[in-house]
Asker: 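Sending over a structure as structure tokens; questions will come in a sec.
Every value quoted in this text rests on a predicted model; they were computed, and no experiment measured them. Quick note on labels: first sequence line is chain A, next is B, and so on, each numbered from 1.
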2 protein chains.
Amino acid sequence: MDEKAEIFKALSDPTRLRLMNIFLATGDDLCVCEMTDALQLPQYQISRHLATLRHAKLLKTQKQGTWTYYSLDQSQTGNDSLFQFLQSYLQGGHFDEDRERLTQRLILRDAGKCVVGIVPAAELKQMIVEKLRQDA
Amino acid sequence: MDEKAEIFKALSDPTRLRLMNIFLATGDDLCVCEMTDALQLPQYQISRHLATLRHAKLLKTQKQGTWTYYSLDQSQTGNDSLFQFLQSYLQGGHFDEDRERLTQRLILRDAGKCVVGIVPAAELKQMIVEKLRQDA
DNA sequence: ATTATATATGCGTGATTGCGCATGTAAGCA
DNA sequence: TGCTTACATGCGCAATCACGCATATATAAT
């Protein structure tokens, strides 16, 4: 009971809901810099909120060199039904814009992995153009 | 988005989860004294938490004389799916005990309505016996 | 009118929360 | 070894929260 309350407390912040929405949208692993770019918030803020979600056992982490990948923690009992509910429940607001920015940002990945840190919003489009040219 | 966060914040407290569980269990209207007896907490605490849930538009109220009946607010968009999720999500812990105490307490109703205020736990069983004798 | 009852709320307190700023840690690279 | 990069965290502050205690409000009953 207290445990459930802790989970809802973790979901009781707009930034953390935006983070959860992003994970539910991709179903993929994401590193901190990608989420920082998607939500357009200071890195330390993203880090803190991710830690909160991890302590609530909604997310899990996996380190790969300097990069830390976060993803939905499917191992916890009840999380599956929670995630399924959230996926349909989180709509409207700025959720869609976050998803769009994330989609853009993920183009910069190489072989499915993040290869750059935080990208200033002003430089993203140019970098995407270069990336697409390289791939061709 | 902020609105959704507010809803989860309303759900981020053990006592409020117990209250929601009780409403989901009965689907019925309940007055403050009945919930006070079911959760075995001070009246002012129940009142405060109910106000929080009402402000989050999870519950609505309806006055009948001195009694105030609370019930699930089905009119808000998204609440239906939320309630459906919660009903299966809230299990175990002390949720079941609350439901049992509520079932007992509801026996004291007359024609489906509450007719007594807060009943000290020590007196409940005796009152139920009398009530059942009257009904027969 | 007065009293009793059902519910709500003002107030003070200790605890928690989110933010901003700065810095710490750890891994990769020159 | 030293520098850069990705991420985490200590600290102080202002805001919010839940509780306990007492009291206010409102309706009903005598």
Asker: How long is the line joining CH2 of A/Trp67 and P of C/dA27, in whole Å?
Answerer: 14 Å
Asker: To the nearest Å, give me how far apart NZ (A/Lys9) and P (C/dA15) are.
Answerer: 15 Å
Asker: Which part of the nucleic acid does B/Arg54 contact within heavy-atom distance under 4.0 Å: base, sugar-phosphate only, or nothing?
Answerer: nothing
Asker: Using modelled atom types only, decide if a donor and an acceptor are shared between the side chain of A/Lys9 and the backbone of A/Ala56 within a distance under 3.5 Å.
Answerer: no
Asker: Using side chain to side chain contact (heavy atoms under 4.5 Å, CB included), reason through A/Thr68 and A/Leu50 one step at a time and then give a plain yes or no.
Answerer: CA-CA 11 Å; A/Thr68 302; A/Leu50 285 173; over 6 Å; no
Asker: Taking N and O atoms by type only, does the side chain of B/Arg48 place a donor or acceptor under 3.5 Å from a partner on the base of D/dG20?
Answerer: yes
Asker: For D/dG20 and B/Tyr44 - does any side-chain N or O of the residue sit under 4.0 Å from the phosphate oxygens OP1/OP2?
Answerer: yes
Asker: Does a salt bridge link A/Arg109 with A/Glu34, judged by any charged N lying under 4.0 Å from a carboxylate O?
Answerer: yes
Asker: If only side-chain N and O atoms of B/Tyr70 are considered, is one of them under 4.0 Å from the OP1 or OP2 phosphate oxygen of C/dA8?
Answerer: yes
Asker: If I take atom CG in residue B/Asp13 and atom P in nucleotide C/dA15, what distance separates them, rounded to the nearest angstrom?
Answerer: 17 Å
Asker: Below the 4.0 Å mark, does C/dG18 have OP1 or OP2 next to a side-chain nitrogen or oxygen of A/Gln45?
Answerer: no
Asker: A/Tyr69 OH to C/dA27 P: how many Å, rounded?
Answerer: 16 Å
Asker: Does B/Gln43 make a side-chain donor-acceptor contact with the base of C/dA6, cut-off 3.5 Å?
Answerer: no
Asker: Look at the aromatic rings of B/Phe8 and A/Phe85 and report parallel, tilted or perpendicular, splitting at 30° and 60°.
Answerer: perpendicular
Asker: Base, sugar-phosphate alone, or nothing: which one does B/Val116 contact when heavy atoms must sit under 4.0 Å apart?
Answerer: sugar-phosphate
Asker: Send over the distance from A/Ile118 CD1 to D/dC7 C1', rounded to a whole Å.
Answerer: 9 Å
Asker: Atom CG of B/Leu39 to atom P of D/dC19: distance rounded to whole Å?
Answerer: 11 Å
Asker: Just the rounded figure in Å: distance from P of C/dA6 to CE of B/Met35.
Answerer: 14 Å
Asker: With the side chain of B/Val32 defined as its heavy atoms from C-beta on, choose the nearest nucleotide among C/dT7, C/dA27, D/dA18.
Answerer: C/dT7
Asker: For a quick test of reading the model: is some side-chain N or O of A/His49 closer than 4.0 Å to OP1 or OP2 of C/dC19?
Answerer: yes
Asker: Looking at the side chain of A/Ser47, which of D/dT9, C/dA27, D/dA6 is the nearest nucleotide?
Answerer: D/dT9
Asker: For B/Thr66 and for B/Thr15, find the nucleotide of DNA chain D with the closest heavy atom, then tell me which residue's nucleotide is more 5'.
Answerer: B/Thr15
Asker: To the nearest angstrom, how far is A/Lys63 atom NZ from D/dA6 atom P?
Answerer: 13 Å
Asker: Is it true that B/Arg54 and B/Asp73 have a side-chain N and a carboxylate O under 4.0 angstrom from each other?
Answerer: no
